[in-house]
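Scroll down for the structure; my scribbles are underneath it.
Only this structure's heavy atoms are used, side chains among them; waters, hydrogens and symmetry mates stay out.
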Amino acid sequence: MTDGLNLGYRILDDQLVDVDGRRCGRVDDLLLAGEPGQPLVLHTILSGSGVWHRRLPHWLQRPARRLFGSGVIGQDVIQVPWAQVERFDSVVHLRAKARELGLGKGDDRDFTLFRRVRGG
């Protein structure tokens, strides 16, 4: 048994919280970097509606892509460099504002729609 931490299992699906305490997404996947024969390094957090379907069983991925889109990086997949992570406990705390990282756009859109429906 090792004393290490399986970071993938630990933070996948955790809430992302920006420097102002704003909830701005979830950890949907992780990108690792490394050379052959060298240790892997956690490089990037992926977040957004285009990521989560990749973690589904193979037979569900195609229907999910048809329903929810294919997930194009820069559109509905946001890359957050691991260097932007301040710490993690029950959530992943980021060093920057959500807007600076490209996060929370769906929340902004939903809030605007909610405000219009509410009449505010």
Next on the checklist: Can you tell me how far apart CG (L40) and CG (L31) are? Round to the nearest 0.5 Å.
Outcome noted: 11.5 Å
Checklist outcome for this item: Distance col, row R23:CZ vs L16:CG, nearest 0.5 angstrom, shows 12.0 Å
Checklist entry - Under 4.5 Å between side-chain heavy atoms, hopping through other hydrophobics if needed: is there a path connecting V80 to L32? => result yes
Item to check | Rounded distance (nearest 0.5 Å) linking atom CH2 of W82 with atom CG of L30 | outcome: 7.0 Å
Checklist entry - Are side-chain heavy atoms of L94 and C24 found at a separation under 4.5 Å? => result yes
Item to check | Main-chain N/O of A98 paired to D18 side chain as donor or acceptor, under 3.5 Å | outcome: yes
Next on the checklist: If we ignore hydrogens and angles and just use 3.5 Å, is the side chain of Q84 paired with the main-chain N or O of L101 as donor and acceptor?
Outcome noted: no
Checklist entry - Same cluster or not: are V91 and L46 linked, directly or through other Ile, Leu, Val, Met, Phe, Trp or Tyr residues, by side-chain heavy atoms under 4.5 angstrom apart? => result no
Next on the checklist: Could you check whether any side-chain N or O of D14 sits under 3.5 Å from a backbone N or O of V27, counting only pairs where one atom can act as donor and the other as acceptor?
Outcome noted: no
Checklist entry - Can you tell me how far CD of Q15 sits from OG of S90, rounded to the nearest 0.5 angstrom? => result 10.0 Å
Checklist entry - Would you say the side-chain atoms of R22 pair up with the backbone N or O of V17, donor to acceptor, closer than 3.5 Å? => result no
Item to check | Closest non-hydrogen atom pair, V19 against K97 | outcome: CG1-N, 3.7 Å
Next on the checklist: Looking at T44 and P81, would you say the former's side chain and the latter's main chain have a donor-acceptor pair under 3.5 Å?
Outcome noted: no
Checklist entry - What are the two closest heavy atoms between G102 and I78, and how far apart are they? => result O-CD1, 3.4 Å
Item to check | Distance (rounded to the nearest 0.5 Å) between F88 CZ and I11 CD1 | outcome: 6.0 Å
Item to check | Distance in Å, R95 CZ paired with E100 CD, rounded so as to fall on 0.5 Å steps | outcome: 13.5 Å
